[in-house]
Amino acid sequence: MKLSTEERIYLDMAIKKAEENMADGGGPFGAVIVRDGTLIACAGNRVVPGHDPTAHAEVMAIRMAAAESGTHDLSDCVIFASCEPCPMCLGAIYWAGIRRIVYSSDRYRAAAAGFNDNHIYEELSLDCNERSIVMIRGLKREGDSVLKKWEELPDKILY
């Protein structure tokens, strides 16, 4: 699929952010979020400088866009990423309601550069008891009780 001129501009902005971010101690990833042709967030990967394993560019941009917009619902936005989003970022994109991702490099090139997320994709397809991370379930009734209270909450905002 061919990118529009506007898409090329925003994707180039994400790529440039990734490059700038490396010069500032961050990882080689950048993300831009746009709503109705207006830039609302631009972020780089800040995992190492922030000592935060969740500070990927896409997550950082989602946080900025949600704060700027005053809502968790970014379903009217497009995210541009310098690289195909990892499983965590992809999950955050789904939770934000974003329905369009435009990206440049892919997960295989990221793996060649030392960012191999393929094992996460593989783990997610396994049952809980087959994953390499030990998962133990307990206090089921108590945990279920909280969700039952949520179901009965009259003015809840679903997300």
Side-chain angles (χ1 to χ4, degrees), residues 1-128 131-133 147 150-151 153 155-159:
M1 175 182 268
K2 188 175 178 186
L3 298 178
S4 70
T5 301
E6 182 181 40
E7 288 173 324
R8 291 181 64 83
I9 290 168
Y10 288 122
L11 188 54
D12 186 58
M13 190 180 297
I15 294 166
K16 284 189 169 100
K17 184 63 174 180
E19 194 165 11
E20 291 168 11
N21 196 59
M22 288 190 307
D24 189 29
F29 303 99
V32 166
I33 296 181
V34 175
R35 175 185 285 123
D36 297 324
T38 301
L39 174 71
I40 60 170
C42 180
N45 175 295
R46 305 307 294 165
V47 169
V48 173
H51 310 292
D52 180 354
T54 69
H56 290 201
E58 297 89 340
V59 171
M60 299 296 285
I62 288 169
R63 290 173 182 164
M64 291 170 67
E68 172 70 24
S69 304
T71 180
H72 62 279
D73 182 2
L74 303 178
S75 59
D76 56 349
C77 295
V78 176
I79 190 165
F80 296 85
S82 64
C83 189
E84 179 182 0
C86 75
M88 177 185 69
C89 293
L90 191 56
I93 290 164
Y94 274 101
W95 277 113
I98 297 171
R99 294 187 180 109
R100 185 173 173 82
I101 302 168
V102 180
Y103 66 94
S104 184
S105 197
D106 66 18
R107 69 173 101 164
Y108 306 106
R109 184 63 192 98
F115 299 94
N116 191 350
D117 300 327
N118 196 49
H119 69 285
I120 300 172
Y121 285 102
E122 291 171 356
E123 289 270 320
L124 290 174
S125 68
L126 299 174
D127 287 330
C128 292
R131 295 180 182 157
S132 64
I133 294 175
L147 292 173
W150 169 258
E151 289 172 340
L153 197 65
D155 296 328
K156 65 182 167 273
I157 297 172
L158 294 176
Y159 57 95

Cys86 side chain near Ile120 side chain, heavy-atom distance below 4.5 Å: no
Ile157 versus His72: any side-chain heavy-atom pair under 4.5 Å? yes
Can you find a pair of side-chain heavy atoms, one from Met60 and one from Thr54, that are under 4.5 Å apart? no
Sequence neighbours excluded, which residues qualify as salt bridge (charged side-chain N to carboxylate O under 4.0 Å, His left out) partners of Glu7? Arg100
salt_bridge(Arg107, Glu84) N-O dist < 4.0 Å: yes
Is any side-chain heavy atom of Val78 less than 4.5 Å from a side-chain heavy atom of Ile33? no
With Phe115, which residues qualify under ring pair (Phe, Tyr, Trp, His ring centres under 6.0 Å), at least two apart? Phe29
Are any non-hydrogen side-chain atoms of Arg8 and Leu3 less than 4.5 angstrom apart? yes
Is there a side-chain contact between Pro49 and Asp24 (heavy atoms, below 4.5 Å)? no
Ring pair (Phe, Tyr, Trp, His ring centres under 6.0 Å) partners of Tyr103, counting only residues at least two apart: none
Do the charged groups of Asp76 and Arg99 touch, with an N to O distance under 4.0 Å? no
Heavy atoms, side chains only, cut-off 4.5 Å: are Asp52 and Val47 in contact? no
